[in-house]
Number of protein chains: 2
Amino acid sequence: MTTVLIADDQPLQRFGFRMLLESQDDMTVLDEAANGTEAVRKAADLRPDVVLMDVRMPGMDGIEATRRITASGDRTRVLILTTFDLDEYAYAGLRAGASGFLVKDAQPEDLLSGIRAVASGDAVVSPGLTRRLLDAYVHHLPAGTPEATAPDPRLAALTERELEILTVLGKGWTNTEIATRLHLAESTVKTHVGRVLAKTGSRDRVQAVICAYETGLVQP
Amino acid sequence: MTTVLIADDQPLQRFGFRMLLESQDDMTVLDEAANGTEAVRKAADLRPDVVLMDVRMPGMDGIEATRRITASGDRTRVLILTTFDLDEYAYAGLRAGASGFLVKDAQPEDLLSGIRAVASGDAVVSPGLTRRLLDAYVHHLPAGTPEATAPDPRLAALTERELEILTVLGKGWTNTEIATRLHLAESTVKTHVGRVLAKTGSRDRVQAVICAYETGLVQP
DNA sequence: GCCACGGTAGTACCGGGGTACCACGGCCTC
DNA sequence: GAGGCCGTGGTACCCCGGTACTACCGTGGC
């Protein structure tokens, strides 16, 4: 069950969100807040999974409230909602620690799936902003990916496929899961896993996962 | 009306996508392709608004096909679909010019709204990847993220002994090793491990180790 | 006194994981 | 064409890991 705190200065807006969220089996609205100060206090009090945060509010605004909530150390995630997808708001909100940024004219389903994604630790931003973020990101990293090609000697002997297998081992997948999701026979998976263990000097998949973390192939 | 070309080597998968898309009033499937070469040819021929592109295909893969399609100068956008969100695929695909990257286990509505977003020039990536992109992006900005993670709630329920067990699980120890090195009976170790798994929501010790890394209990 | 909780330990059972081996097609390089 | 590497698949076997119970003993709180 995902618990939500709604922070918005417009009662009618809050009502709409509450109706939408309460119609879902897996969501419940803990409380509402009409400004940033109230949002920070109630977030600390109720420890909701997600705070639905409006940007423009009297007194403390949503950005500052987001900063304080994410700085508190609680697990609470903030999803910022605004009427316009002005970049200044978005970037400021994301730098303040928000897990997402959606425009209010999004489809209800988008809002719901956004809340679910944020609650599970993922991030969500509206498509228009994604485009701009992506451009900025690709522009910032012209050549390679963060971990372009593994420099760690322990992974040097691994083939592409074996690196792939090691990566999904790092996700905690079982052999049968790997088989179905990669469209392979389980015997093939076992062969690959066996070779990964041999080449990385791991006794079992647990040590292989540790190896994956230590080499930076997968990251927490 | 958004025109779409479906590129996937699995006929059943293509059929599913076609059924879903054709059920929408504003979409039409121009044609299908079973590999990258075919996708490039048909994209140049039919000039679809969007190409739904699978990554893994025999012959030319989806990444290379994406590169050629976006390099052609046509207005055609490419939305990459894959079974799992391995970063290598995502980054490679996005660098190849794709406008989006979604995992196949996404909700049908997410796929549809993704196609519409891409067709209108926006970009879409799956929530999990958004998180990582965002982290990388924010990390590149002057103002850092206040990611001060206090003791993770997933570990809150664990007793001292159980934290100890989880820590040595993170070292890759087997049950018998834990037993001898901590001077316990193996049955006791099993009891502890079982409780750790239950409390951390892990299916097996592999997932528990991942949890240990993600919570920062053990570090690479 | 009693109860809850944490740590310890036991038994029984079964499924998945890991090993050892073999095999075949595709691709590359001599 | 021969050989090697890689990815794929198969069979057979054994053991560890995980589950589902139950049980006892301290300690601390009411």
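Heavy atoms only: backbone and side chains are in, while hydrogens, waters and symmetry mates are out. Keep in mind that this is a model prediction, so the values were computed, not measured. Within every chain, numbering begins at 1; the chains are lettered A, B, ... in the order of the sequence lines, protein sequences first and strands thereafter.
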Per B:Glu160 side chain, nearest of listed nucleotides C:dG7, D:dG9, C:dT8: C:dG7
When the distance from [atom1] of [X] to [atom2] of [N] is rounded to whole Å, what number comes out?
X        : N      : atom1 : atom2 : answer
B:His183 : C:dG7  : NE2   : P     : 17 Å
A:Ile178 : D:dG7  : CD1   : P     : 15 Å
B:Ile165 : D:dG17 : CD1   : P     : 13 Å
B:Lys199 : C:dG7  : NZ    : C1'   : 11 Å
B:Glu164 : C:dG6  : CD    : P     : 16 Å

B:Arg77 bridged to B:Asp49 by N-O distance under 4.0 Å: no
B:Arg161/B:Glu164 ion pair, N-O < 4.0 Å: yes
At less than 4.0 Å, is any side-chain N or O atom of [X] found next to OP1 or OP2 of [N]? Yes or no.
X        : N      : answer
A:His192 : D:dG7  : no
B:Ser187 : C:dG10 : yes
A:Thr188 : D:dT8  : no

Heavy-atom side-chain contact between B:Pro48 and B:Val4 under 4.5 Å: no
Minimal non-hydrogen separation, A:Val78 against A:Thr66, with atom names: CG1-OG1, 3.5 Å
Closest non-hydrogen atom pair between B:Ser113 and A:Asp110, with its separation: OG-OD1, 4.1 Å
Sugar-phosphate or base contact per nucleotide [nucleotides 15-23 of chain C; S, B, -; heavy atom under 4.0 Å]: --BBS----
Sequence-distant partners of A:Arg116, side-chain contact (heavy atoms from CB on, under 4.5 Å), two or more places apart: A:Gln24, A:Asp26, A:Met27, A:Leu112
